[in-house]
Amino acid sequence: MSQKPRASGPAEDKGVVARTPEVHWKTWYYGIVASASEIADGLDIGAFSWAVMAMTSEEQADPLYLTAAQKGLIVAEFNFVAGLGCLLAGPVSDAMGRKTTLITGVLLNVIGTIITMCSGNFGVLFLGRFIMGLGAGISFVDPELYCSEIVPAHVRGKVNTFAEMFINLGIVIGYAVGWAAGLNWRLTIGIGAILPAIVFFLLFTIPESPRWLTKKNRIDRAKDGLRTTADYTEEELDALIADIQRTIAHENVGWGSAADLLNPCKLLRNKCIGWGLGIGQQINMSEGVVYFTPTILTSAGVTDSTVVGIVTLCVGLCKCLFCLIPMFLVDRVGRKVLLYISNTGLWVMLFLMGAAFAPEYGGGSFILPLAAVALPLYMAFFSFGWGALPGVYMPEAFPLHVRGQAVGVGWGLNRFASGLVGAIFLPLTEAIGKSTVMFIFGAVVIILTFFLYYVVPETMNLQLEKVQDRIDVGRDGKDQGFADIENGPTADTQADEQEDVRSPLKGPAKQVEDEMQKED
């Protein structure tokens with residue numbers, strides 16, 4: 001009889017028989033509430049695409065007269081300001097806590113939405129969008145960060161896919177609201193504040209991150225939070241807290257501060273994993289497909305607006321529905337398997353679209369059916385892996401003392417890459433043709449395959465502290481590398497684990513402990 005896989009954790013290191021704790025319903029509640037803060041991003045994508053057309057229409061009684069440049073600016077502004085919000089979120093999260101940062105981001109988004117809804121000129125509209133983007137960027141960082149630090153290891157991947165689900169749900173709701181509201185652009189935008197306002201109040205019902213609390217030496221509150229997530233025994237709670245404390249002590253001695261993020265010689269592999277996946281999520285042309293599917297089809301000669309609308313709807317539905325798949329598989333088959341499948345599907349679909357749009361086939365009768373299949377399938381493969389898993393990996397990739405700031409930088413780079421792809425996509429297609437653009441992005445995705453194989457480790461079922469033990473470089477003068485994660489412990493890591501049983505600290509931190517004991 002096969003046994004249920006067990007999650008590695010601190011209990012095993014302390015000599016306690018390892019087991020998989022039963023997850024309480026509050027774990028799912030915490031994950032849903034924290035991740036729901038990202039619904040504002042999706043609502044903006046879906047609703048504002050309708051609102052920006054309606055607000056300039058002369059058919060309504062309350063139009064805003066905007067130039068083409070102004071319309072482009074307020075659309076692009078959201079992503080670029082969100083990137084700035086991501087950068088700010090890291091230091092705020094490390095200083096004030098994950099929960100407080102989530103509340104701040106959602107509150108800013110609600111305020112910005114109300115200002116945007118009430119705007120009567122471009123200046124006020126710009127201000128409202130700026131505050132919305134800032135709040136959305138801050139909210140973009142902390143959901144996966146918070147969930148990674150509170151949920152048990154064996155369901156961490158599943159819970160961390162909730163955020164992508166809420167973004168896609170927001171897109172669908174935004175499209176529906178915009179279509180139903182018609183030319184009433186103020187109603188379209190105003191309704192977008194209702195769900196974030198509800199999330200704002202719900203956030204007060206979840207606890208602070210136990211790992212952040214432990215870092216601040218609030219041990220009792222940290223244990224109280226962990227106790228509500230699973231049926232940990234007191235012995236397991238003590239072991240888990242001790243493991244977190246050991247990691248914090250090790251980091252405080254072996255590393256400096258957040259300045260390590262600016263040092264190319266420190267945390268190099270961590271940055272390659274976390275930031276590389278954040279950028280990779282956007283440079284595979286996903287942003288071009290999300291925003292410009294109608295433009296791609298019409299410029300290829302598809303003139304039937306009903307057909308364009310149906311294909312665009314299929315793209316949106318695939319993005320929303322297929323993000324549910326990793327929710328059920330990420331902690332069963334692993335992160336890398338899903339990323340490999342996703343990546344392979346992306347470059348195949350890109351090459352199919354490149355062949356369909358090639359000049360020698362321009363106007364061919366098969367362009368429409370091929371594009372109608374390839375575009376939705378592209379988005380399905382994207383949501384299957386690349387859409388959700390960078391958010392799972394990024395908090396796992398960094399140690400606690402820089403995690404908030406590092407994740408903020410990662411999502412900031414992600415938002416800037418998103419804005420860049422969105423800005424250059426149409427000019428590129430006009431300059432070198434749609435087919436060439438598809439082939440270029442297909443080649444980029446193939447390069448990402450090598451990045452996934454050689455750089456990104458498998459982290460399924462590993463406690464956060466164990467992920468760091470396996471990928472940290474140079475802390476004890478040893479390079480533990482990625483191979484340890486995928487091929488099992490080396491002799492060095494086995495010796496470290498045996499040392500863990502004898503002492504809660506090791507390496508430089510252990511030396512400090514020994515010196516303190518001598519002084520006593």
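Positions are given from 1 along the sequence. Since the model is a prediction, treat every value here as computed from it, not as a measurement.
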Enquirer: Name the one of D44, T113, T116 that satisfies side-chain hydrogen bond (donor to acceptor under 3.5 Å, both in side chains) with R129?
Expert: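 Among the candidates, only D44 passes.
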Enquirer: Which one of R211, R98, R156 satisfies the salt bridge (Lys or Arg N to Asp or Glu O under 4.0 Å) criterion with E149?
Expert: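 Per the salt bridge (Lys or Arg N to Asp or Glu O under 4.0 Å) rule, the option paired with E149 is R98, out of R211, R98, R156.
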Enquirer: In terms of the angle between their ring planes, are F200 and F204 parallel, tilted or perpendicular, with boundaries placed at 30° and 60°?
Expert: perpendicular
Enquirer: Nearest 0.5 Å, what's the CD1-CD1 distance between I171 and I173?
Expert: 11.0 Å
Enquirer: May I ask you to decide if W386's main-chain N or O and S342's side chain share a donor-acceptor pair within less than 3.5 Å?
Expert: yes
Enquirer: Find the distance between CG (L420) and CZ (F80) and round it off to the nearest 0.5 Å.
Expert: 7.0 Å
Enquirer: Between P395 and G391, what is the shortest heavy-atom contact and its length?
Expert: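 In terms of heavy atoms, the two residues are closest at CD-O, 3.2 Å.
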Enquirer: Work out which heavy atom in A89 is nearest to a heavy atom in I138; give both atom names and the distance.
Expert: CB-CA, 3.8 Å
Enquirer: Mind running side-chain contact (heavy atoms from CB on, under 4.5 Å) on F416 and L87 for me, showing each step along the way?
Expert: CA-CA 11 Å; F416 288 130; L87 296 178; 4.1 Å; yes
Enquirer: Can you name the one residue among L213, L240, V151 that meets side chain to side chain contact (heavy atoms under 4.5 Å, CB included) with L226?
Expert: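 Running side chain to side chain contact (heavy atoms under 4.5 Å, CB included) over L213, L240, V151 with L226 returns exactly one hit, L240.
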Enquirer: Is any side-chain heavy atom of F130 less than 4.5 Å from a side-chain heavy atom of I115?
Expert: no
Enquirer: Please find the pair of heavy atoms, one from I273 and one from A397, that lie closest to each other, and give the distance.
Expert: CG2-CB, 4.0 Å
Enquirer: Taking 4.0 angstrom as the limit, do D224 and R221 come out as a salt bridge?
Expert: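 Salt bridge flag = no for R221 with D224.
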Enquirer: So, for V455 and C272, which heavy atoms are closest and what is the spacing to 0.1 Å?
Expert: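 Scanning both residues, the minimum pair turns out to be CG1-CB, 3.9 Å.
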Enquirer: Are any of the side-chain heavy atoms of T104 and V92 separated by less than 4.5 Å?
Expert: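 T104 vs V92: side chains apart.
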Enquirer: Using a 4.5 Å cut-off on heavy atoms from C-beta on, say whether the side chain of L338 contacts that of L329.
Expert: yes
Enquirer: Is there side-chain contact between E38 and E164, with at least one heavy-atom pair below 4.5 Å?
Expert: no
Enquirer: Hey, which of S35, S37, S93 is the one that makes side-chain hydrogen bond (donor to acceptor under 3.5 Å, both in side chains) with D142?
Expert: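 For D142, the side-chain hydrogen bond (donor to acceptor under 3.5 Å, both in side chains) test succeeds with only one of S35, S37, S93, which is S93.
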Enquirer: Under the side-chain contact (heavy atoms from CB on, under 4.5 Å) criterion, do H24 and D231 qualify, and how do the steps go?
Expert: CA-CA 7 Å; H24 294 166; D231 64 339; 3.8 Å; yes
Enquirer: Would you check if L277 and L452 make a side-chain contact, meaning some heavy-atom pair closer than 4.5 Å?
Expert: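 L277 reaches L452 side chain to side chain.
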Enquirer: Run T101 and V141 through side-chain contact (heavy atoms from CB on, under 4.5 Å) and show every step you take.
Expert: CA-CA 9 Å; T101 306; V141 171; over 6 Å; no
Enquirer: Could you tell me which non-hydrogen atom of P143 sits nearest to which non-hydrogen atom of N160, and how far apart they are?
Expert: O-OD1, 4.5 Å
Enquirer: Donor-acceptor pair, Y146 side chain versus E208 backbone, under 3.5 Å?
Expert: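 No, because the side chain of Y146 does not come within donor-acceptor range (under 3.5 Å) of the backbone of E208.
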Enquirer: Can you check whether K158's main-chain N or O pairs, donor with acceptor, with D331's side chain at less than 3.5 Å?
Expert: yes
Enquirer: Could you grab the distance from atom CG of L169 to atom CD1 of I39, nearest 0.5 Å is fine?
Expert: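 That separation rounds to 4.5 Å.
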Enquirer: Do the charged groups of E396 and R335 touch, with an N to O distance under 4.0 Å?
Expert: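 Looking at R335 together with E396, the answer is yes, because their closest N to O distance falls below 4.0 Å.
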Enquirer: With salt bridge (charged side-chain N to carboxylate O under 4.0 Å, His left out) as the test, would you mind laying out the steps for E236 and R227 before giving the verdict?
Expert: CA-CA 10 Å; E236 288 171 335; R227 197 175 283 115; over 6 Å; no
Enquirer: To the nearest 0.5 angstrom, please state how far the NZ atom of K319 sits from the CZ atom of F382.
Expert: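 Between K319 NZ and F382 CZ, I get 5.0 Å after rounding to 0.5 Å.
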Enquirer: Of N343, L339, L346, which is the lone residue that meets side chain to side chain contact (heavy atoms under 4.5 Å, CB included) with T449?
Expert: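 The option that passes is N343.
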Enquirer: State the CE-CG distance between M132 and L108, to the nearest 0.5 angstrom.
Expert: 11.5 Å
Enquirer: Compare every heavy atom of I206 with every heavy atom of A34, then report the nearest pair and how far apart it is.
Expert: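 Looking at all heavy atoms of both residues, the shortest contact is CB-CD1, 4.5 Å.
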Enquirer: Under a 4.5 Å cut-off applied to non-hydrogen side-chain atoms, are I32 and F166 in contact?
Expert: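 Yes, their side chains come closer than 4.5 Å.
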Enquirer: Can you check whether R415's main-chain N or O pairs, donor with acceptor, with Q282's side chain at less than 3.5 Å?
Expert: no
Enquirer: For W28 and F162, take the angle between the two ring planes, folded into 0 to 90°, and tell me which bin it lands in: parallel under 30, tilted 30 to 60, perpendicular over 60.
Expert: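 Judged by the thresholds at 30° and 60°, the geometry between W28 and F162 is tilted.
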Enquirer: Just wondering, do I219 and T214 contact through their side chains at under 4.5 Å, heavy atoms?
Expert: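 Heavy-atom side-chain distance check passes, below 4.5 Å.
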Enquirer: Quick check: does any side chain N or O of N414 sit under 3.5 Å from a backbone N or O of I279, one acting as donor and the other as acceptor?
Expert: no
Enquirer: Between H154 and V23, is any pair of side-chain heavy atoms under 4.5 Å apart?
Expert: yes
Enquirer: Say you draw a straight line from CG of D243 to CG of D238; how long is it, rounded to the nearest 0.5 Å?
Expert: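 That separation rounds to 12.5 Å.
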Enquirer: Say whether, by atom type as modelled, one donor and one acceptor occur between the side chain of K223 and the main chain of L237 under 3.5 angstrom.
Expert: no
Enquirer: When you measure from the side chain of W275 to the backbone N and O of A406, does any donor-acceptor pair fall under 3.5 Å?
Expert: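 Looks like yes, one N/O pair under 3.5 Å.
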